[in-house]
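Quick note: numbers below take in every heavy atom, side chains included, and nothing from hydrogens, waters or symmetry partners.
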Amino acid sequence: MATTSNPVLSRANYTGVVRPDAGSMTLGGTITKTFVLLGILATATAVTWARIGDGAGLPDNIGMLFLVAVLAGFGMAVYTVYRPEHAPVTAPIYAALEGVLLGAISALINARYRGLPVQAVVLTIATLALMLVAYRTGVIRATERLKTIVVSCTASIAVFYLIAMGLGLFGIQIPFLHEGGLIGIGFSLFVTGLAAFNLILDFDQIERGVGQAPAYMEWYGAFGLIVTLVWLYLEILQLLRKLRR
């Protein structure tokens, strides 16, 4: 069974051959790489947000920006998953592309719900810190039962989102997915919590690689965490938007 529902970390080979001249994966190195990627992500987000402004101008360009960022980001993620040894190069590129996407989304959301993206950023950082403390202190352990529940629920949500996207192409919308109300807010709370618990599984998977995997897996582990954090931020943003309506 996969030990994490994160499709990036679930494919990570933490039993690869470690060359003496190349070093092995360390926890400190992975944390450092994570901060580097977060810095790139934040910078790209801020620059994109500043360029778009309040979202009132050049809507066609914004649409193109979305398309390029989504397609290029997805392509870079897939490439990194299958070629983790290239993560030292591809992970920063992915972080920059995701920053462009998040910057565009955040700017447009902020134009309608002033201050909402900033609140989402604060809550995302707070959630990351809370889950890390809970993991390190043993309050929440990555038991086999927890892994099974989180992996199963995450897979179900992924399938649900794919179905919703397919229905959207035919003009069919699932009301509670984007609208408020008790059901909509409850759904977003559940998915946000699920994303947060994925962090626990990610921490566990990364820790298993310490001293066992090649040094480049530090970048790959950091890349996997960025994938989860981006998902968590988007879900928190969606939840806050529903609460504002």
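We find the CD-CG distance between Glu98 and Leu229 to be 11.5 Å, quoted to the nearest 0.5 Å. One distance of note links CG of Leu194 with CG of Leu189; it measures 12.5 Å at 0.5 Å rounding. Interatomic distance, CD1 of Ile109 versus CG of Leu234, reported as 9.5 Å (0.5 Å rounding). Here the straight-line distance linking atom CG of Leu201 with atom CD of Gln205 works out to 8.0 Å at 0.5 Å rounding. Going from atom CG of Leu132 over to atom CD1 of Ile140 covers 11.0 Å, rounded to the nearest 0.5 Å. Atoms CD1 and CG, from Ile93 and Leu37 in turn, are 11.5 Å apart once rounded to the nearest 0.5 Å.
Within 6.0 Å of atom OH in Tyr161, more than 12 heavy atoms from other residues, nucleotides or ligands are found, so the atom counts as buried in its surroundings. Within 6.0 Å of CG on Leu162 lie more than 12 heavy atoms contributed by other residues, nucleotides or ligands. Around CZ of Arg141, the count of heavy atoms belonging to other residues, nucleotides or ligands within 6.0 Å does not exceed 12. The environment of Phe197 atom CZ is sparse: at most 12 non-hydrogen atoms of other residues, nucleotides or ligands sit within 6.0 angstrom.
Ile236 has its side chain within reach of Thr127: a pair of non-hydrogen atoms, C-beta onward, lies under 4.5 Å apart. Within the 4.5 Å cutoff, side-chain heavy atoms of Asn110 are placed close to those of Trp49. Side-chain contact between Phe190 and Ile157 is present, with at least one heavy-atom pair separated by less than 4.5 Å. Annotation: side chain of Tyr220 is not in contact with side chain of Met25 (no heavy-atom distance under 4.5 Å). Two residues are said to be in side-chain contact when any heavy atoms from C-beta on lie closer than 4.5 Å; Arg136 and Glu207 meet this criterion. Side-chain atoms of Leu237 and Leu102, non-hydrogen and from C-beta on, never get closer than 4.5 Å to each other.
Between Ser188 and Glu235, the side chains place no donor N or O within less than 3.5 Å of an acceptor N or O (distance only, hydrogens not considered).
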What verdict does the ring pair (Phe, Tyr, Trp, His ring centres under 6.0 Å) test give for Phe187 and Phe160, after you've listed the backbone C-alpha separation in whole Å, the side-chain angles of each residue and the deciding distance to 0.1 Å? CA-CA 12 Å; Phe187 176 78; Phe160 175 76; 5.5 Å; yes
Evaluate Thr26 against Glu218 for side-chain contact (heavy atoms from CB on, under 4.5 Å), listing each step before the verdict. CA-CA 7 Å; Thr26 66; Glu218 294 175 352; 2.9 Å; yes
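Tyr233 and Phe74 fall within the same hydrophobic cluster, where Ile, Leu, Val, Met, Phe, Trp and Tyr residues are linked whenever their side-chain heavy atoms come under 4.5 Å apart, directly or through other members. One hydrophobic cluster, built from ILVMFWY side chains closer than 4.5 Å, cannot hold both Phe203 and Leu130; they sit in different ones. Tyr79 and Leu41 fall into different hydrophobic clusters, where Ile, Leu, Val, Met, Phe, Trp and Tyr side chains are chained together by heavy-atom contacts under 4.5 Å. Hydrophobic cluster membership is shared by Trp231 and Val159, with clusters built from Ile, Leu, Val, Met, Phe, Trp and Tyr side chains linked at under 4.5 angstrom. Val133 and Met131 fall into different hydrophobic clusters, where Ile, Leu, Val, Met, Phe, Trp and Tyr side chains are chained together by heavy-atom contacts under 4.5 Å.
Within the 3.5 Å criterion, the main-chain N or O of Arg241 finds no donor-acceptor partner in the side chain of Arg112. Without hydrogens or angle criteria, Thr48 side chain to Gly103 main chain gives no donor-acceptor distance under 3.5 Å. In this structure, Asp202 contributes its side chain and Leu225 its backbone to no donor-acceptor pair below 3.5 Å.
A salt bridge is defined here as a Lys NZ or Arg NE, NH1 or NH2 lying under 4.0 Å from an Asp or Glu carboxylate O, and Lys147 with Asp204 meets this definition.
Here the shortest heavy-atom pairing between Gly221 and Thr30 reads C-CG2, 4.3 Å. Contact record, Ala87 with Pro92: O-CD, 3.6 Å, taken as the closest heavy-atom pair. Scanning both residues, Ala120 and Leu240, for their nearest heavy atoms gives N-CD1, 3.7 Å. For the residue pair Trp219 and Ala91, the shortest heavy atom distance occurs at O-CB, 4.2 Å. Here the shortest heavy-atom pairing between Ser24 and Gly211 reads OG-CA, 3.9 Å. The heavy-atom pair separating Ile52 from Ala104 by the smallest distance is CD1-CA, 3.4 Å.
Ring planes of Tyr94 and Phe223: perpendicular class, angle over 60° (limits at 30 and 60°).
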